[in-house]
Amino acid sequence: MSERLLAKLRERFGASVLETHSHLGDDTAVVDPARWKEICAFLRDDPACDMQMLVDLCGADYPDRTPRLEVVLHLYSIARRHRLRLKARVGDEDAEGAEIDSVVDLWQGANWFERETYDMFGVKFRGHPDLRRILMYPEFEGHPLLKTYPANKTQPLVAYRTEEEAGVPLEKLAPFGDDEGMSFGRKNGDATGDATNGEA
Amino acid sequence: MEPVDLDLEESALELPAEPMHLNLGPAHPAMHGTVRIVLELSGETIEKADVQIGYLHRGFEKMCERGTWAQVFPYADRLNYVSPMLNNVGYALAVEKLCDIEVPDRCQWYRMALGELARISDHLTCTGAMAMELGAFTPFLWFVKAREMVWDILEEETGARLTHSFGRIGGMARPPTPAFKELVRGSTKEILSLLEQGEKMLLKNRIFIDRLENVGNISQADAISLSWTGPCLRSTGCSYDVRKAHPYLKYDEVDFTVPVGTRGDSLDRFLVRLDEIRQSVRILDQVCDRMADEGPVSADDPRVMLPEKDAVYTTIEGTIQHFKLVMEGAKVPAGECYSYTEGGNGELGFYLVSDGSGTPHRVRIRPPCFSITGGLSKIIMGRMLSDIVPTFGALNMIGGECDH
Amino acid sequence: MGELITLQGSEQGFVTTRVNDLLGWARKYSLFAYPFVTACCGMEFMALASPRFDISRFGAEAPRFSPRQADLLWVVGTISQRQAPVLRRIYEQMMEPKWVLAFGTCASTGGFYDNYTTVAGIDKLVPTDVYIPGCPPRPEAVIDGLLLLQDKIASGDRTPGVVKPREDPVSRDLVPLRKKREGAPTGRTS
């Protein structure tokens, strides 16, 4: 049934639907980011599509592709019980300049999802009423879910206690023995930028 | 740093009368420690509300990209920490969808039983905590007592009270204990009676009703547009429940109804949750009747399942397979999938992208709380300050899930 | 009451010692707690307050959601970088004498959230008196930690302490293996 949805999209938008597939029962369409909002509006308003609910909107990072980022949108029709995944590829090889139209006008729920995608990947949503960081604090620099952001690079808001304040060497703060706790625990204030640290 | 009281200037000795800025949370007892609301008040009426989350952002999605597929389970547990088993099962189903594995019948029933127990615990905690925030302490104590019974069963089964890490790709960690059915049957009666006592106490309480009724109303169209799911959506009269609309596991074989509300206010959300506990008990009864006592609980698939311990110790193939699965992780075929289950708060989705290696390329969770909390500012706009507490309580925001 | 003080081990008879002991004794059973509850451990904290585990048996059940009225800060759950200023501020608002209890592995060390957003243990921000590891710790462990803190309050000891398992499950289970490997160290060295 949703196959028809993809056919309908291809028929209506032609070359703007870059590719489609139905792997594992999930119908997916990769579309041209320039017509993102138009396609979304069509999916919501066309009676045969009737996608009243935006289930999820998120980003994904593929460092070896250009455009590097993907905006992934999951739509659902409560009345017709079908789903569709819509993707658009944005951003250059450094994940810079990623921009796409906001769909807040179509679904109010998109507001926070778009803010999150902006926060985590740096995708800018044109026309979003209030595009701020949502999960991280405003002082945070960079976008943590990009593959290039080191997983353990912290940006503390308050200075950690110093050795004079604590009275003991900082790594001895917690009275754990060598055989206690996790061996891969981060050393104090360590932000080596080594993302693979602690794996293996 | 972001000043905690952003809105107060040092020089202003007097608080401006209109509009007044008020900062609620994050360390406010009714804000669950993780949400901050910056309010603009005219008198006691809320004119503007900025809901800020992220105080419990723990980098779930980033951490998932660092380990193997199986190592996500402990993190998944701590998303919705009121019903960890539902997350466990939801994630397991998502990876199984990607690997195209079907688990044995017994495992499906078992997962359903554990999931429904977790749902009971979720709703008990939510309704109990909400009552407590409104000053009704006794029902909270009774509900927590009932929750302890659920946790006793889960502890008996999994070994942990709260964070079980019990799911596995292609099965469960262990088969049900011989006493499982008996435990479930024994305690559900007790839970229902505690529930009834607490319910009676609350629903005959004028104050409790008055604070919930017609507070935090939302229309069905708005709720859908805000991507609400679960009890909060159902309170508006829309009967969307993943278990009914897109049955997974064995939900199409059991008999249960989806309770819906009519007005979409906080009282309806409260009642829907209480009814769902009863429906979960109904499901549990049927599961106990139909789950086989014998049979495997894990799919027989060497790609994802660890070999038998005997084989690991005695055969070289077993040792190698074990080593590969533990050190490199199960190889999940390249591709992407979105898998959705009914969590405690609504549709819990996992969008997984695999590049064919033992480490996930992307694990995206679609947390039901996130969009529900996103609608909070809309439904408290124009209401009184004191309405925030029951409204927020009825939404059941879970920090770990909402903030990822 | 005089007898109690003597029981607590001050037979030297200095008035200062007695007053300190009396204070310590009074403080340890009248802790006013500020529960700084953020995450999963909050669920166990609820269980702890409920009838089965009933923390009020130990005189520490009264929650005060104003830091100015509290003298025990329970840090229950993960502290993210974003939350850190709030925690620091609440600690600074509390009156002396004050104690801090780290509830759970995340509060103690950051746990397995070794990433860009989590503070690796609250002792990086505020001095901590007792650490209760566990993810989340069982209520019994928490009660153990509370009793440890009460001992410390009574004796005026401010060195940090950790709740350890009464019986080390690792060394217990490994006994047969260890017997085979003669010469291998047994038991813990700490």
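Lettering of chains follows the sequences in order, A, B, ..., and the numbering in each one begins at 1.
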Between B:Arg78 and B:Phe60, is NZ or CZ placed under 6.0 angstrom from the six-membered ring centre and within 45° of the ring axis? no
Can you tell me which of [options] forms the most heavy-atom pairs within a distance under 4.5 Å of chain B?
options                              : result
A:His74, A:Met120, A:Met136, A:Arg44 : A:His74
A:Met53, A:Gln108, A:His21           : A:Gln108
A:Gly25, A:Gly59, A:Ala110           : A:Gly59

Between the side chains of [Y] and [X], is the shortest nitrogen-to-carboxylate-oxygen separation below 4.0 Å, so that they form an ion pair?
X        : Y        : answer
A:Lys8   : A:Glu11  : no
A:Glu93  : A:Arg65  : no
B:Lys48  : B:Asp50  : no
A:Asp61  : B:Arg362 : no
B:Lys244 : B:Glu342 : no
B:Arg364 : A:Glu116 : yes
A:Asp105 : A:Lys37  : yes
A:Glu99  : A:Lys124 : no
A:Asp56  : B:Arg366 : no

Atom group of [X] that falls short of 4.5 Å from chain A, counting heavy atoms:
X        : value
B:Ser339 : neither
B:Glu336 : both
B:Ile372 : neither
B:Val51  : both

Where on [X] is there a heavy atom nearer than 4.5 Å to chain B: the side chain, the backbone, both, or neither?
X        : result
A:Tyr62  : both
A:Leu146 : backbone
A:Asn111 : neither
A:Leu54  : both
A:Arg133 : neither

Do the two ring centres, one from A:Tyr118 and one from A:Phe121, sit under 6.0 Å apart? no
Please report the closest heavy-atom contact between B:Gly349 and B:Tyr338, naming both atoms and the distance. CA-OH, 3.6 Å
Evaluate the ring planes of B:Tyr91 and B:Phe73, with Trp represented by its six-membered ring, and classify them as parallel (under 30°), tilted (30 to 60°) or perpendicular (over 60°). perpendicular
In terms of heavy-atom pairs under 4.5 Å with chain A, which of B:Glu347, B:Glu61, B:His361, B:Lys97 leads? B:His361
Picking from B:Leu56, B:Leu226, B:Asp222, which has the most non-hydrogen pairs under 4.5 angstrom with chain A? B:Leu226
Enumerate by number any residue of residues 397-404 of chain B whose heavy atoms lie under 4.5 Å from heavy atoms of chain A; in the absence of such residues, state 'none'. B:Cys402, B:Asp403, B:His404
